[in-house]
Trainee: 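I am attaching a structure below and will ask some questions about it afterwards.
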Protein chains: 2
Amino acid sequence: MATLKDVAFLAQVHPSTVSRVLRCSENLPISAETRQRIMAAAIELDYHPDQRARALRLGKSNTIGLIIPDISNPFFADIAQSIEQECHKAGYMLMVCVSNEDQEKEINFVNNLTSRGIDGLIIAPVQDSYAHLVRLKKKNYPFVLIDRCFEEFETNAVISDNEASAFDAMEHLVKLGHRRIAFLSGRPTIYTIRKRLAGYLHAVNVYDLDRTPELISNGGFTFEQGYKECLKILSLPEPPSALLVSGNQITFGALRAIVETGLKIPEDISLIGFTDSIVTPFLVSPLTAITHPLRDMGARAFALLLQHMNAKERLPFSRIVVETKMLPGASTAPINEKMIA
Amino acid sequence: MATLKDVAFLAQVHPSTVSRVLRCSENLPISAETRQRIMAAAIELDYHPDQRARALRLGKSNTIGLIIPDISNPFFADIAQSIEQECHKAGYMLMVCVSNEDQEKEINFVNNLTSRGIDGLIIAPVQDSYAHLVRLKKKNYPFVLIDRCFEEFETNAVISDNEASAFDAMEHLVKLGHRRIAFLSGRPTIYTIRKRLAGYLHAVNVYDLDRTPELISNGGFTFEQGYKECLKILSLPEPPSALLVSGNQITFGALRAIVETGLKIPEDISLIGFTDSIVTPFLVSPLTAITHPLRDMGARAFALLLQHMNAKERLPFSRIVVETKMLPGASTAPINEKMIA
DNA sequence: GATGAGAGTGCAATCGTTTGCTTAAAAATA
DNA sequence: TATTTTTAAGCAAACGATTGCACTCTCATC
């Protein structure tokens, strides 16, 4: 790797001169001849400034970090994609880290990224703890939470109206005559899950629905876990007539369980999923889905972060709430008589 | 951010002593009392070594870079996920960059990452050019290509047997009686596409199939492009009785076109897709899919990279070929009479 | 009672850039 | 011609961590 010194030597000038020529475009007192010589040398040696030295000296790396729990989940992959594009537009690099829902790993990433001189951080936190984020806040390090946040801990965040959308989905099912509706989700320590569960319970209360505890299941986020939990629910003595599933991978797992059990959607069971996959319209039964404006979420998180990174003084925190949208499918139908029996 | 100096000051020792105490665990000549004092100070100040300074001094960053064309494509997202996990196991950080199939962007990423002191690089190249990779090779910078490689340019690579798998898929269709088979894919500048096309053409020759040029389409990689290209093909005066589609997103786009056109799979048209999505079994018609051992590909690419990064002397290049697998679905069927009419 | 061996620390250079300050020559002004 | 200004380029410190070398002690050994 060619260094400034190498270029300087080749051009027969001092390294500082090379630096100046390469950095400052206009009104630099330099002879055309020398500039020419330096440029030629830089190209000749395929010189690229060492970013770590630069970051060290400048205290700025033009890089931000993104920590997400799972990149093979299209939900986070799409968010990552949009953040990456915004970064690129703004001249930033993006460092993507995957916590795999492991709190320990997330903490390590935060430490590692900050000590790399990352300028800011966007995090979809695991939410088993947040002491590391409190430290970040204390150091006045700019960061934005995405999709998940802490009620009791004030930070920047871009989230969606989980509770309302779960309630709406329930209402939709209730209007079709369903009174025994199961709720399938990941860990309830997570903000989105808690909120959706709250929306579910709210609907259960308002419409006085069946409250068998077995109808609520929080097994985990994966395809496999969704599959197993759904099988369990379907084999209840009195299985539900409808299912509200929270999460991309879980929904597909549930789908597998339903297909394997031989049930037809929506004739035998109705299904609404919190899912943002492009394939929902082409599933065995085109899925009624609650979708997020993922690109918008990513873009707004980055814009908010940028604002805080560029701020001279401490800005007040923002909590941006985006609206989900129910994508109508064909996976929900009025309850039929045999279900009740 | 606390520095070594801050810790040293608090512990009343020289920075170098702090560094030694924090780095070298065993047999360091240091009094227990001093060590104690230093440790306490480090914790008190929440000290984390500055990685850019460290990387600068050590010439090693314990970070590798991954450049992929599209992260919202599960194919690359899964590869990224597995590489990330391997990295983590080996104590490396992963920096993920998304080229969005833009050669310019890829070149920038390569320059930027290498000048960040990244220890190695895994790339799924855009393949419009490779001069930047030649430079990398010249500088003896360790890198591994994944999924796509260059026939005429020797490098490390982990790829799959694209040609054979396309041929096998075609053979499968031919045995069902299909003779008019369309091939839908992304840009033919890309290795995988070229190879799959070669497999397709080979089958066309061996079995003397219909060679109407309109049956071959290379519109692009996206869902939208797959949709449009497929519509075009379906509206041919003599539409094909079967479709071989190359790529995740394109396959779903084609699916949309088929569904919208009102055709039934496999009664009206057979479909085989190169796709690695977990949802293929639950589509309108459970899809016959050619799948890749994605986790394995990622793991092997990382292992190969690690080997080259740790090598004292120049190693010979490896080209690892993994086998694809045809996942049987229900989207292919024997040709029926009305198709031929 | 020198000499030598270790134990316990500090010093200073280094990695590659950047930038305020200085110097030196040339040009402009008095 | 003497002085100031402008132009052009070099010097050196700094960012934070690491490490070979050197230094000062304290013991034990010959």
Side-chain angles (χ1 to χ4, degrees), chain A residues 1-39 41-42 45-63 111-119 139, chain B residues 1-39 41-42 45-63 111-119 139:
Chain A
M1 289 283 116
T3 74
L4 214 46
K5 239 200 303 206
D6 301 330
V7 178
F9 180 80
L10 185 59
Q12 288 295 310
V13 292
H14 196 268
S16 63
T17 309
V18 178
S19 174
R20 269 187 268 259
V21 166
L22 261 34
R23 289 289 132 234
C24 325
S25 46
E26 300 304 307
N27 57 23
L28 175 78
I30 192 86
S31 72
E33 194 270 333
T34 312
R35 160 170 264 139
Q36 197 57 42
R37 207 149 28 93
I38 290 174
M39 290 311 237
L45 295 176
D46 189 28
Y47 170 76
H48 295 275
D50 187 305
Q51 298 297 337
R52 40 194 210 267
R54 210 142 183 272
L56 185 59
R57 174 66 224 240
L58 296 177
K60 185 160 195 321
S61 64
N62 274 298
T63 307
N111 288 335
N112 200 303
L113 287 170
T114 52
S115 65
R116 272 187 146 75
I118 297 288
D119 299 325
K139 290 180 185 168
Chain B
M1 291 282 117
T3 74
L4 214 45
K5 240 201 304 203
D6 301 329
V7 178
F9 180 78
L10 185 60
Q12 288 295 311
V13 292
H14 196 268
S16 63
T17 309
V18 179
S19 174
R20 269 187 272 257
V21 166
L22 261 34
R23 288 290 131 235
C24 326
S25 45
E26 302 303 308
N27 55 23
L28 175 77
I30 193 87
S31 72
E33 194 269 332
T34 312
R35 161 171 261 140
Q36 197 56 45
R37 209 149 25 95
I38 289 175
M39 290 309 233
L45 295 176
D46 189 29
Y47 170 77
H48 296 275
D50 187 306
Q51 298 297 337
R52 39 193 210 266
R54 228 161 157 255
L56 185 59
R57 174 67 225 242
L58 298 176
K60 187 162 194 318
S61 64
N62 274 297
T63 307
N111 289 336
N112 200 303
L113 287 170
T114 51
S115 65
R116 274 190 145 74
I118 296 288
D119 299 325
K139 290 180 185 168

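The chains referred to below are lettered A, B, ... by the order of the sequence lines, with proteins before strands, and numbering in each begins at 1.
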Trainee: Quick one: B:Q12 CD to C:dT9 P, roughly how many Å, whole number?
Mentor: 13 Å
Trainee: Grab the CD1-C1' distance between B:I38 and D:dA17 for me, whole Å please.
Mentor: 14 Å
Trainee: Which nucleotide sits closest to the side chain of B:H14: C:dT17, C:dA12, D:dT18?
Mentor: C:dA12
Trainee: Between B:L58 (CG) and D:dG20 (C1'), how many Å, whole number?
Mentor: 15 Å
Trainee: Can you tell me how far NE2 of A:H48 sits from OG1 of A:T3, rounded to the nearest 0.5 angstrom?
Mentor: 13.5 Å
Trainee: Counting only distance, no hydrogens or angles, is the base of D:dG10 paired donor-acceptor with the side chain of A:R20 under 3.5 Å?
Mentor: yes
Trainee: Between A:S16 and D:dA9, does any side-chain N or O lie under 4.0 Å from OP1 or OP2?
Mentor: no
Trainee: Using whole Å, what does the distance between atom P of nucleotide D:dA17 and atom CE of B:M1 come to?
Mentor: 11 Å
Trainee: B:R35 has an atom CZ; how far is it from atom P of C:dA7, in whole Å?
Mentor: 13 Å
Trainee: Look at the side-chain N and O atoms of B:S31 and state whether any lies under 4.0 Å from the OP1 or OP2 oxygen of C:dG8.
Mentor: no
Trainee: A:L56 has a side chain; which of D:dT18, D:dC15, C:dG10 sits nearest to it?
Mentor: D:dC15
Trainee: How close or far is atom P of D:dT19 from atom CG of B:L4, stated in whole angstroms?
Mentor: 12 Å
Trainee: Output the rounded distance in Å from CZ (A:R37) to P (D:dA8).
Mentor: 13 Å
Trainee: So, for A:S115 and A:N112, which heavy atoms are closest and what is the spacing to 0.1 Å?
Mentor: OG-O, 3.0 Å
Trainee: In whole Å, what is the span from the CZ atom of B:R54 to the P atom of D:dC15?
Mentor: 20 Å
Trainee: Return no unless some side-chain N or O of B:Y47 is found under 4.0 Å from OP1 or OP2 of D:dA17.
Mentor: yes
Trainee: Closest nucleotide of DNA chain C for A:A53 versus for B:P15: which of these residues is on the 5' side?
Mentor: B:P15
Trainee: Nearest 0.5 Å, what's the CG-CZ distance between A:L56 and B:R57?
Mentor: 13.0 Å
Trainee: With hydrogens left out and only the distance checked, is there a donor-acceptor pair under 3.5 Å joining B:T3's side chain and the base of D:dC15?
Mentor: no
Trainee: Can you tell me if B:R57 touches the phosphate of D:dT19, counting only side-chain N or O atoms and a distance under 4.0 Å to OP1 or OP2?
Mentor: no
Trainee: Using a 4.0 Å heavy-atom cut-off across all strands, classify B:V13 as base, sugar-phosphate, or nothing.
Mentor: sugar-phosphate
Trainee: Any donor-acceptor pair under 3.5 Å linking the side chain of A:R37 with the backbone of A:A11?
Mentor: yes
Trainee: Are A:S19 and C:dT17 close enough that a side-chain N or O sits under 4.0 Å from OP1 or OP2?
Mentor: no
Trainee: With a 3.5 Å distance limit and no angle check, can you tell me whether B:S61 reaches the backbone of B:A55 through a side-chain donor-acceptor pair?
Mentor: no
